[in-house]
There are 4 protein chains.
Amino acid sequence: MSPTTPRKRLSREESQAQTRARLIDTARQLFVTNGYGGTSIRDIADEAGYSQGAFYSNFASKEEVLLELLRGHMEAEAAHLSNVIDSDGRAPEQILSELESWAATLNNDADWCMLSIELQLHANRSPTFAAEYQTVWDAHRAGLGRVVGRLFAMLGRTPPAEPEELAGAFMALTHGLALQRVGGRPDPSGRLILVFLRGLIASAGLPDAAPGADAEQAGQIPPYPGG
Amino acid sequence: MSPTTPRKRLSREESQAQTRARLIDTARQLFVTNGYGGTSIRDIADEAGYSQGAFYSNFASKEEVLLELLRGHMEAEAAHLSNVIDSDGRAPEQILSELESWAATLNNDADWCMLSIELQLHANRSPTFAAEYQTVWDAHRAGLGRVVGRLFAMLGRTPPAEPEELAGAFMALTHGLALQRVGGRPDPSGRLILVFLRGLIASAGLPDAAPGADAEQAGQIPPYPGG
Amino acid sequence: MSPTTPRKRLSREESQAQTRARLIDTARQLFVTNGYGGTSIRDIADEAGYSQGAFYSNFASKEEVLLELLRGHMEAEAAHLSNVIDSDGRAPEQILSELESWAATLNNDADWCMLSIELQLHANRSPTFAAEYQTVWDAHRAGLGRVVGRLFAMLGRTPPAEPEELAGAFMALTHGLALQRVGGRPDPSGRLILVFLRGLIASAGLPDAAPGADAEQAGQIPPYPGG
Amino acid sequence: MSPTTPRKRLSREESQAQTRARLIDTARQLFVTNGYGGTSIRDIADEAGYSQGAFYSNFASKEEVLLELLRGHMEAEAAHLSNVIDSDGRAPEQILSELESWAATLNNDADWCMLSIELQLHANRSPTFAAEYQTVWDAHRAGLGRVVGRLFAMLGRTPPAEPEELAGAFMALTHGLALQRVGGRPDPSGRLILVFLRGLIASAGLPDAAPGADAEQAGQIPPYPGG
DNA sequence: TATGAATGAGTATTCATTCAT
DNA sequence: AATGAATGAATACTCATTCAT
């Protein structure tokens, strides 16, 4: 609008970016709703209001949109995590409340979860995709693992399994619960995730104090031995 | 049945049953490997050694095999549970060891889990299928919920959420972990499930005794209030 | 019709064979007219009066029809040759008249030639096809080479190049002339082929008698040295 | 053109010419390798290092590049022929050695031959193209025919068919042999063409002397009667 | 002139399903 | 019950060409 940056100049690049963005967004919605295999390129193009050729002007193949979504997924998750990770010097309560709000988000985030499941399923089938996927996944798991580790450290407790494994398990729980969602029933995902988190903390040993106390309460199940 | 042709009669029925059984079994394997959408009826028929027509002599549609698998799934799960449920008068340790062995099975049971995921995904998409699926699912969740409830009762503890919800969460965890399986990496599913179970028990309140003890250890997270 | 071979029995197999034959025949016509690349499976199916699926019930791929045509081509050519080859003890004039009639056929055989060119072109591009093609081609060239060799032997002359090479050259000439055909202009193929054949015979040396006589007449061009 | 910018002006035109030339050259290579139908405009543009738009800035359609190639083909062939034709007063041996060296060229000229075949095939299919093609073809055939006629005249012989027809036949032979080329096998094209040429000369009648001598040797095949 | 995103028709191939045998 | 040829619609992807920039 200003004299130095007239609107018309950017119009072309912008319109290209818009096309691409609309296709990506439509693809995400359809993948979530109908699955990757259940979504055709014609569906995506039609729904986005373009021709099939427009799709192929922007992506080399159907799988490449999925990769694009994967990248977006990764960035969103990373941004999410950085909020929690950068909380140096905060009290445990603050981290917990961060996690709590994160868990609450999940209730409204069914789409992301379903997309994540589609990504995982496709990775199980396409070796090409699997390689790219694993990188993103491992990075995310490591990031969430660091948050988990930090939380236990702040509480002065030994986590009952490798923090990364626990991170993976929480993601598994999240995805599995997303899969159980049925229209019309309330979704207890966020609440249940916190219940499990509280459980882990409760069963975590105090490194120096008597570590067996909790285990005793938990019956005959021995605590996680190593860090 | 008649004395002159006792075998033939049976053999014909048997051969039909065999055809059907082989088709179902082949379908299960292929659905697990390639997904429901990624498996064609020709694939199933070819792999089972029959014609496509044979498939349609046994099933009205592709979805009907999935229903058949669902029924088999249900039966298998129910049988599994009844081992644990019928253990009236057993000590908590015994139930826990049952659960432990069940968790161990999961490591080798990736196929059932993947099938379960396929069923869930398809239920999300096909209303016809969803109704049938929900019945089975609810029954199974209720059954596992009863086991969970009984376990907590035996331990004299209040579960930190509705036993049925906890049951659903464990199934979610199991499925989510199955999805994360990557060829070549060890699968920690069984171990992690037990870690989470121990956590729940550790964080469960002793109904009459001082209920805050665990919560105190777990920091500022209040325990699950109601049963 | 007879009681032992009722018509109805064969009806199914026959109708299948008919479908296949019609598709092959339509494919040949279209390949000749529009080329292999210029002919779509939809074209073939539509023109033959079937669905595209019917095509794929009969052939695994587009290339496979071409292979089928190749086989037919081979058989027709072989049959053609056996007429000439089996003429043991015939006089040279008879062989020549056979060849003359064969050359005459070519005028009406533009289709076979164009098909042959399509086959050769496709062999240049598809390694899969090339292997199958080369076998057929070599066999046919060897067969025609034997006819050529026998002809020169009967005339008591030494051929001016390896009979197989000469055979290849005559086929090349035939194909090249077919390519030159233009609607509306008379086609001199058959006549020209015979002109060239006469030339070869005229320039062939008499093995024992003065072999240089012809060469002398032909100017400074030395005759083909080896047999 | 102006003294201040003599280079720039020219360089722009030159660069346009260069773009065009590169596109034409790339098109030729790809048509030879993959055929006209098997080559896309994107292939040409990409391989030449330009955009598809650049192609359409230089050619109105895909067929127009083919026409351009046809013109270049014609010029190259005409240049080739003028070497031979302008040799007034040379001895027959010289003409023959010219032809011999031309035939030798063919061995390395598979590309031109394949292009020629593509042109002929396309002319058979596109009426637009056919008209243009026929002009070029007829001119070239007439030119080569004149060379052939002159050769026979110098040898004092009557050609066994119209010189133009013989010219066409030699081109047919050349193209047909090019089509037979298989990677890894030696190419006998040049040698065989000379063998056929020698044959024609050997079978050509001496106009005034006893014309039947050769024919007698060639068995019962009567010589070409008319000029 | 040159760009390359976008179009719309077309490509080979696959699929769930039907039906005469 | 079992066969498998045939259907018709769908699938991922390609192509010559257009057009705003």
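Basis for what follows: all heavy atoms, side chains included, without hydrogens, waters or symmetry-related copies. Residue numbers begin at 1 in each chain, while the letters A, B, ... track the order of the sequences.
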Taking the cut-offs as 6.0 angstrom to the six-membered ring centre and 45 degrees off its axis, would you call Lys62(B) and Tyr36(B) a cation-pi pair?
yes
So, Gln29(C) and Asp25(C): side-chain donor and acceptor under 3.5 Å apart, yes or no?
yes
Could you check whether any side-chain heavy atom of His73(D) comes within less than 4.5 Å of a side-chain heavy atom of Val136(D), counting everything from C-beta outward?
no
Taking atom C1' of dA16(F) as reference, at what distance in whole Å does atom OH of Tyr36(D) sit?
10 Å
What is the separation between atom CD on Glu14(A) and atom C1' on dT21(F), rounded to the nearest whole Å?
14 Å
Nearest whole Å is fine: how far is dA20(E) P from Glu13(C) CD?
18 Å
Answer whether the closest heavy-atom distance between the side chains of Val65(B) and Leu23(B) falls below 4.5 Å.
no
Can you measure Ile41(A) atom CD1 to dA12(F) atom P for me and round it to whole angstrom units?
5 Å
Comparing nearest nucleotides in DNA chain E, the 5'-proximal residue of the pair Gly37(C), Arg42(B) is Gly37(C)
Rounded distance in Å - CG (Asp46(B)) to C1' (dA16(E))
14 Å
Going by the angle between their ring planes, with limits at 30° and 60°, are Phe129(A) and Tyr133(A) parallel, tilted or perpendicular?
parallel
May I ask you to decide if Leu30(B)'s main-chain N or O and Thr39(B)'s side chain share a donor-acceptor pair within less than 3.5 Å?
yes
Taking the side chain as everything from C-beta on, heavy atoms only, tell me whether Ile24(D) gets closer than 4.5 Å to Phe59(D).
yes
Expected output check: what is the dot-bracket annotation of DNA chain E, where ( ) and [ ] are pairs inside the strand (brackets for crossing ones), | is paired with another strand, and pairs are Watson-Crick or G-U under 3.5 Å?
.||||||||||||||||||||
Near-strand residues of residues 49-68 of chain B, defined as heavy-atom separation under 4.0 angstrom from DNA chain E
Gln52(B), Tyr56(B), Ser61(B), Lys62(B)
Give the minimum heavy-atom separation between Glu118(A) and Phe31(A), together with the two atoms involved.
CG-O, 3.8 Å
Which listed nucleotide (dA12(E), dA2(F), dC15(F)) is nearest to the side chain of Thr19(B)?
dA2(F)
Taken to the nearest whole Å, CD1/Ile44(D) to P/dT17(F) is 11 Å
Is the number of heavy atoms from other residues, nucleotides or ligands under 6.0 Å of Arg42(C) CZ greater than 12?
no
For Arg20(A) and dG4(E), give me the distance from atom CZ to atom C1', rounded to whole Å.
14 Å
Whole angstroms only, please: what is the CG-P distance between Asn34(D) and dC15(F)?
11 Å
